[in-house]
Amino acid sequence: MFGLVDCNSFFVSCERVFNPALHNKPVIVLSNNDGCVISRSKEAISLGIKMGQPVFKIMDFIRENGIQVFSSNYILYGDMSDRVMETLRACAPSIEIYSIDEAFLNLDSIDNSNLKKYGEELASIVKRNTGIPVSIGISHTKTLAKVASKLGKKYPKLNGSCFMQEDCDIRKVLKVFPVGDVWGIGREHGKMLNQNKIMTAYDFSMASSEWVKKKMSVVGLRTWLELRGIPSISFEDSIHIKKQICTSRSFSHELNDIEELSQAVATFTTYSAEKLRKQDSVCSSIQIFILTNQYKEKISQYFRSIIVTLDTPTDSTLILVKAALSGLCKIYKSECMYKKAGVVLLDISKKNDTPGNIFCDHNAAKHSMLMETLDGLNLRYGRDTLVTAAQGIESIKAFSNHLSKRYTTCWDDIIEVNI
DNA sequence: TCTGGGGTCCTAGGACCC
DNA sequence: TCTGGGGTCCTAGGACCC
């Protein structure tokens with residue numbers, strides 16, 4: 001049996017833990033630059049606010065309805081996520097962290113007759129330990145557990161836990177579950193299925209496997225099998241190494257100056273390299289991309305990316321920044337106004353498995369020591385305490401006008417709160 | 001004025017190899 | 001004049017997730 005634990009309105013719930021006045025009020029959390037809505041409380045959902053809605057379009061509505069607005073505070077959310085995951089790890093046989101607010105549980109070692117109660121207790125322990133409300137779904141496959149967790153969220157009388165075991169019960173649920181809401185079926189496939197008169201998860205599970213494979217590849221077929229109760233998506237409890245690491249941002253205003261753009265790209269590269277070292281890996285190529293504002297139809301549009309291949313796999317910020325800037329120079333066009341840029345580290349491998357290049361010695365040992373010192377200082381004194389010159393002193397600031405305190409991680413913020 | 005960011009996997013088609 | 005067949009690797013693009 002698999003369980004899926006899903007934090008309810010996670011970012012909003014994090015804000016509420018430290019600001020109880022927000023309970024029972026409509027609350028939303030915004031994306032970077034205060035652009036879109038990315039988390040909504042139940043109350044905000046019932047007012048009709050949609051996920052991903054641009055905020056500037058609903059400014060008046062927000063004011064008229066007294067909706068509380070927060071910029072995203074990822075340091076706080078990341079720390080709260082760690083607390084939730086720690087609690088789950090202590091209570092469940094094994095867990096797979098699936099996203100910042102979700103984890104799968106492998107419940108094979110727990111007696112089926114106790115699972116309903118187990119789910120309810122787990123939900124209440126997480127709430128008690130962390131303040132975060134969760135919904136738990138339990139069933140034969142990951143996909144069915146996802147379905148169950150949505151039911152758990154929808155019906156308060158289930159106490160946050162929905163256990164789906166019997167075939168007849170599962171069938172009953174799937175017959176009213178919209179196919180587009182199934183995990184693994186997105187907008188495009190949802191539309192295609194509806195056009196083929198497949199409206200519910202049950203309809204989908206009754207289609208032929210050949211048809212599903214032809215229309216939706218093996219990925220769709222796996223979802224089909226899972227809905228029929230056959231586990232087809234593996235459970236991965238070991239820490240997985242990322243195969244790509246990307247850092248990208250939209251700018252609060254458009255940039256044209258190559259100097260400013262270079263500083264942004266250097267900063268994104270620095271952040272990516274930090275993530276790379278954190279998982280003990282090296283990479284051997286880096287992609288850089290820049291683009292104009294696609295929402296402005298009048299200006300000429302430009303999107304380009306370039307991949308720079310390195311002589312030797314590395315985790316050194318200095319080498320990566322140099323490579324990134326050389327790539328940027330090749331794709332930069334002076335007549336464009338840039339709204340967004342980013343870098344992606346590619347060809348990632350474990351540091352110890354990687355052979356060196358005898359023809360190109362970057363003084364790897366020196367770089368390693370320098371990076372260790374750099375990471376140590378930035379961990380101790382805060383991000384960007386020590387930066388490369390290429391990042392510049394004044395980094396490009398994002399709009400974040402409704403930011404809450406870093407309640408759980410930042411001493412300065414706590415002092416400020418107390419005063 | 002203002003429209004997020006970070007990932008994964010699969011497939012098709014081209015380049016290239018022997 | 002006749003011009004194969006089987007395989008791998010890479011990339012771009014599309015679909016999906018949160």
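Below, chains carry the letters A, B, ... as their sequence lines are ordered, and counting in each starts from 1.
Counting any heavy atom pair closer than 4.0 Å across all strands shown, A/I100 reaches no nucleic acid atom. A/K146 comes within 4.0 angstrom of the backbone, heavy atoms only, and of no base. Within the nucleic acid shown, A/Q294 has no heavy atom closer than 4.0 Å to any nucleic acid atom. In this structure, A/K339 reaches the sugar-phosphate backbone alone: every heavy-atom distance under 4.0 Å involves primed, P, OP1 or OP2 atoms, never a base. In this structure, A/T247 reaches the sugar-phosphate backbone alone: every heavy-atom distance under 4.0 Å involves primed, P, OP1 or OP2 atoms, never a base.
Position along DNA chain B of the nearest nucleotide to A/Q244 versus A/I38 favours A/I38 as the more 5'-ward residue. Both A/K275 and A/Y74 lie close to DNA chain B; mapped to their nearest nucleotides by heavy-atom distance, the more 5′-ward contact belongs to A/Y74.
Between A/M59 atom CE and B/dT1 atom P the separation is 14 Å, expressed in whole Å.
Distance from the side chain of A/E188 is smallest to C/dC16 among C/dC16, B/dG6, B/dT8. Checking C/dC18, B/dC2, B/dT8 against the side-chain heavy atoms of A/F56 singles out B/dC2 as nearest.
By the 4.5 Å heavy-atom criterion applied to side chains, A/R249 and A/N32 are counted as neighbours.
Applying the ring-ring contact (aromatic ring centres under 6.0 Å, His included) test between A/F104 and each of A/W183, A/F2, A/F235 identifies A/W183 as the sole match.
Side-chain nitrogen and oxygen atoms of A/H253 include none within less than 4.0 Å of the OP1 or OP2 phosphate oxygen of B/dT1. Side-chain N/O atoms of A/S248 include one lying less than 4.0 angstrom from OP1 or OP2 on B/dG6.
Across B/dT3 and C/dC18, the matching P atoms stand 25 Å from one another, rounded to whole Å.
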